[in-house]
Q: 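Okay, handing you the structure first.
Throughout, a chain's letter reflects where its sequence line sits, starting with A, and its residues are numbered from 1.
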Amino acid sequence: MLEFQSLVLKFVSAVPRGKVTTYKELARTLGRPRAYRAVGNALSKNPRPLEIPCHRVVRSDGKIGGYKFGSERKAKLLIEEGIEVKGGKLELKKYMFRFKK
DNA sequence: GCTCTGGCAAATG
DNA sequence: ACATTTGCCAGAG
């Protein structure tokens with residue numbers, strides 16, 4: 001459904017600079033706690049890569065995860081936003097942003 | 001309608 | 001901490 005995707009994009013763009021969220025949390029916020037894969041799928045098909053900060057969505061274990069334009073690019077962007085990325089990972093506890101709930 | 005593939009997660013070894 | 005296995009959702013063909 002396109003609803004799901006739209007929602008994903010919407011929430012991701014709501015993530016403030018310097019913060020990140022996980023695929024899982026995002027999925028849960030959308031009402032589909034186990035649709036984390038679908039979330040990644042939706043982001044990969046992101047219609048506006050420039051307007052949507054897909055790089056602010058990371059894995060639950062703290063790893064950067066993948067990215068349309070390469071994980072290196074993603075890590076770089078995150079660092080530029082003030083997020084420390086060490087060894088391809090980051091401090092999730094510190095930068096995790098939760099929507100409502 | 002079924003199979004395959006993903007920017008994944010959690011459990012297991 | 002790392003690798004493998006299993007589960008799960010949505011889109012594409």
Q: May I ask you to say what A38(A) touches in the nucleic acid, namely base, sugar-phosphate or nothing, with a heavy-atom cut-off under 4.0 Å?
A: base

Q: For K63(A) and G88(A), indicate whether the former's side chain and the latter's backbone hold a donor-acceptor pair under 3.5 Å.
A: no

Q: Could you tell me the separation between the CZ atom of R73(A) and the C1' atom of dG7(B), rounded to a whole number of Å?
A: 15 Å

Q: Determine whether any donor atom in the side chain of R37(A) lies under 3.5 Å from an acceptor atom in the base of dG7(C), or the reverse, and answer yes or no.
A: yes

Q: Which is true for V39(A) with a 4.0 Å heavy-atom rule: it touches a base, it touches only sugar-phosphate, or it touches nothing?
A: nothing

Q: In whole angstroms, how far is the P atom of dG7(B) from the NZ atom of K68(A)?
A: 8 Å

Q: What distance, rounded to whole Å, do you find between the two C1' atoms, one in dG1(B) and one in dG13(C)?
A: 12 Å

Q: Under 4.0 Å, heavy atoms only, any strand: does S44(A) hit a base, just the sugar-phosphate, or nothing?
A: base

Q: If we check side chain to side chain contact (heavy atoms under 4.5 Å, CB included) with V57(A), which of these qualifies: T21(A), V15(A), I52(A), T22(A)?
A: T21(A)

Q: Has the side chain of Y36(A) got a donor or acceptor that lies under 3.5 Å from a partner of the other kind on the base of dG7(C)?
A: yes

Q: With both distances under 3.5 angstrom, what nucleotide forms a Watson-Crick or G-U wobble pair with dC8(C)?
A: none

Q: Atom CG of L90(A) and atom CE of M96(A): how far apart are they, to the nearest 0.5 Å?
A: 10.5 Å

Q: Quick one: N46(A) CG to dA10(C) P, roughly how many Å, whole number?
A: 18 Å

Q: State which of dG7(C), dC9(C), dG7(B) makes the closest approach to the side chain of Y67(A).
A: dG7(B)

Q: In whole Å, what separates the C1' atom of dG6(B) from that of dC8(C)?
A: 12 Å

Q: F4(A) CZ to dG6(B) C1': how many Å, rounded?
A: 13 Å

Q: With both distances kept under 3.5 Å, what pairs with dC2(B), Watson-Crick or G-U wobble?
A: dG13(C)

Q: Indicate yes or no: at least one non-hydrogen side-chain atom of Y95(A) is less than 4.5 angstrom from one of E84(A).
A: yes

Q: How close or far is atom C1' of dA9(B) from atom CD1 of I64(A), stated in whole angstroms?
A: 17 Å

Q: Rounded to whole angstroms, how far apart are CG on L7(A) and P on dG11(C)?
A: 12 Å

Q: Taking the minimum atom-to-atom distance to the side chain of L43(A), which one of dC8(C), dG7(B), dG11(C) wins?
A: dG7(B)

Q: Which residue, R17(A), K76(A), R56(A), K19(A), forms the side chain to side chain donor-acceptor pair (under 3.5 Å) with E81(A)?
A: R56(A)

Q: If you only use heavy atoms from C-beta on, which nucleotide in dA9(B), dG7(B), dG11(C) is closest to the side chain of K74(A)?
A: dG7(B)

Q: Is the shortest side-chain heavy-atom distance between V8(A) and N46(A) below 4.5 Å?
A: no

Q: Over how many whole Å does the gap from R28(A) atom CZ to dA9(B) atom C1' extend?
A: 13 Å

Q: For the pair made of CD in E72(A) and P in dG7(B), what is the distance, rounded to whole Å?
A: 15 Å

Q: Measure from the side chain of S60(A), starting at C-beta and using heavy atoms only, and say which of dC8(C), dA9(B), dG7(B) lies closest.
A: dA9(B)

Q: Over all strands shown, is R32(A) touching base, sugar-phosphate only, or nothing at heavy-atom distances under 4.0 angstrom?
A: sugar-phosphate

